[in-house]
Amino acid sequence: MVISEKFKIYSEVFEVFLMKDIVRDGDPVLRKQAPKVKFPLSKEDKQLAHDLMEYLEVSQNPELCEKYKLRAGVGLAAPQVGVSEMMASVLVPNEDENESDTPLFKDVIINPVIVSSSVQRGALTEGEGCLSVDKDIPGYVPRAARITLRYTDVDGKDHKIRLKNYPAIVCQHEIDHLHGVLFYDHINKDNPFTKSDDEIFIY
Ligand code: NB4
Ligand code: NI
């Protein structure tokens, strides 16, 4: 998809995943450990990487999101479109208006590994939602506030990066999908809004 912001021209020559393509909770693919992706990437894997990112771009465009009746997303993992592979797209926009063209984090992460996690925990104040889970499940989802992440991108380049706050939370949600874990697995069942002393809120 080509979006020229300057001229507000949207070339709509694209095929984007729709909500009907998103696998819902209860499908065994969401509970599987995804196998690693082999390099060099096959044509299909390259296409999948592209399509996973395109969903996020389209869903974050208010007009297109409405037009195609999508649920907005900042991440999408391959198992959520029925493909059990260690691949996920992440697009965390910068909410700062002046910096809105430079996302806080944008990449397709392949074979990601969290090599270290901070002791400090963090949770999104609003809790989490998942495109594969139709109902709202309230509660804090405690995660590491900071992580060091290793992954390979679509070009086969290896990355080792440190992430904190919002992008760190999103990547942990996506990596969980690759291991068959869903966000509500982390919610304290007896007291969904318990917060430990060393836990911070992330907006
Ligand atoms: C993944 C996220 C759930 C919590 C936090 C948030 C949204 C998802 C799921 C952590 C990761 C998808 C993938 C949003 C959203 C803020 C940014 C930019 C403009 C609207 C958009 C709304 F849509 N979660 N949805 N859920 N998942 N923030 N934003 N905004 O992304 O299931 O596994 O467009
Ligand atoms: Ni999800």
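Quick note: numbers below take in every heavy atom, side chains included, and nothing from hydrogens, waters or symmetry partners. Order of listing sets the numbers, starting from 1, for every ligand and every atom in it. We're numbering straight along the sequence, starting at 1.
- Lys46 NZ: 12 or fewer foreign heavy atoms inside a 6.0 Å radius.
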Open item on the list: For a side chain to side chain contact (heavy atoms under 4.5 Å, CB included) check, start with the C-alpha distance between Lys106 and Glu57, then their side-chain angles and the critical distance, and finish with the verdict.
Closed with: CA-CA 10 Å; Lys106 178 181 183 178; Glu57 290 172 340; 2.6 Å; yes

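- Every atom of ligand 1 with a heavy atom of Tyr166 under 4.0 Å away is listed here by number and element: 5 (C), 6 (C), 16 (C), 17 (C), 28 (N).
- Atom CG of Asn191 sits in a crowded spot, with more than 12 heavy atoms from other residues, nucleotides or ligands closer than 6.0 Å.
- Under a cut-off of 6.0 angstrom, the local environment of CZ in Arg71 is crowded, with over 12 non-hydrogen atoms contributed by other residues, nucleotides or ligands.
- Counting atoms of ligand 1 from 1 in the listed order, those under 4.0 Å from a heavy atom of Pro93 are 17 (C), 18 (C).
- Residue contacts with ligand 1: Ser59 is placed with no nitrogen or oxygen under 3.5 Å of a nitrogen or oxygen of the ligand (distance criterion only).
- A donor-acceptor contact under 3.5 angstrom links the side chains of Tyr151 and Asp107, judged on distance only.
- With a 4.0 Å cut-off on non-hydrogen atoms, Gln60 touches ligand 1 through its backbone as well as its side chain.
- At least one heavy atom of Glu95 sits closer than 4.0 Å to an atom of ligand 1.
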TODO: Just do the side chain to side chain contact (heavy atoms under 4.5 Å, CB included) check on Leu70 and Leu18 with the steps written out, would you?
DONE: CA-CA 6 Å; Leu70 305 176; Leu18 299 176; 4.0 Å; yes

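- Here the closest non-hydrogen pair linking Ser84 and Pro35 is O-CD, 3.1 Å.
- Residue Phe183 places every heavy atom at 4.0 Å or more from ligand 1.
- Summarising the geometry, atom OH belonging to Tyr140 is positioned 9.0 Å from atom CD belonging to Glu126; distances are rounded to the nearest 0.5 Å.
- Atom CD of Glu174 is separated from atom CD1 of Ile109 by 7.0 Å, given to the nearest 0.5 angstrom.
- The Glu128 neighbourhood of ligand 1 comprises atoms 4 (C), with distances under 4.0 Å to a heavy atom of that residue.
- Protein heavy atom closest to atom 1 (C) of ligand 1, with residue, atom name and distance, is Glu174 OE2, 3.6 Å.
- Less than 2.8 Å away from the Ni ion (ligand 2), the protein contributes these N/O/S atoms: Cys130 SG, His173 NE2, His177 NE2.
- Residue contacts with ligand 1 for Cys130 involve both N, CA, C or O and side-chain atoms from C-beta outward (heavy atoms, distance under 4.0 Å).
- Scanning the protein for heavy atoms near atom 3 (C) of ligand 1, the closest one is Gly129 O, 3.1 Å.
- Remark: the backbone N or O of Leu182 is paired with a side-chain donor or acceptor of Asp185 at under 3.5 angstrom.
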Task: Test log, rule side chain to side chain contact (heavy atoms under 4.5 Å, CB included), inputs Met19 and Lys69 - done: CA-CA 8 Å; Met19 290 314 292; Lys69 303 279 178 242; 5.8 Å; no

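- Within the model, atoms CD1 of Ile114 and CD1 of Ile147 stand 4.5 Å from one another, a figure rounded to the nearest 0.5 Å.
- From the protein, the heavy atom lying nearest to atom 32 (O) of ligand 1 is Leu131 N, 2.9 Å.
- In terms of protein heavy atoms, atom 2 (C) of ligand 1 is closest to Val74 CG2, 3.8 Å.
- Of all the heavy atoms of Glu126, none lies under 4.0 Å from any atom of ligand 1, so neither backbone nor side chain is involved.
- Ranking the protein heavy atoms by distance from atom 25 (N) of ligand 1 puts Ala72 O, 3.1 Å first.
- Atoms of ligand 1 lying under 4.0 Å from any heavy atom of Gly75, numbered from 1 in the order shown and given with element: 12 (C), 13 (C), 27 (N), 31 (O).
- For the atom pair CG of Asn111 and CG of Asp153, the computed distance is 11.5 Å after rounding to the nearest 0.5 Å.
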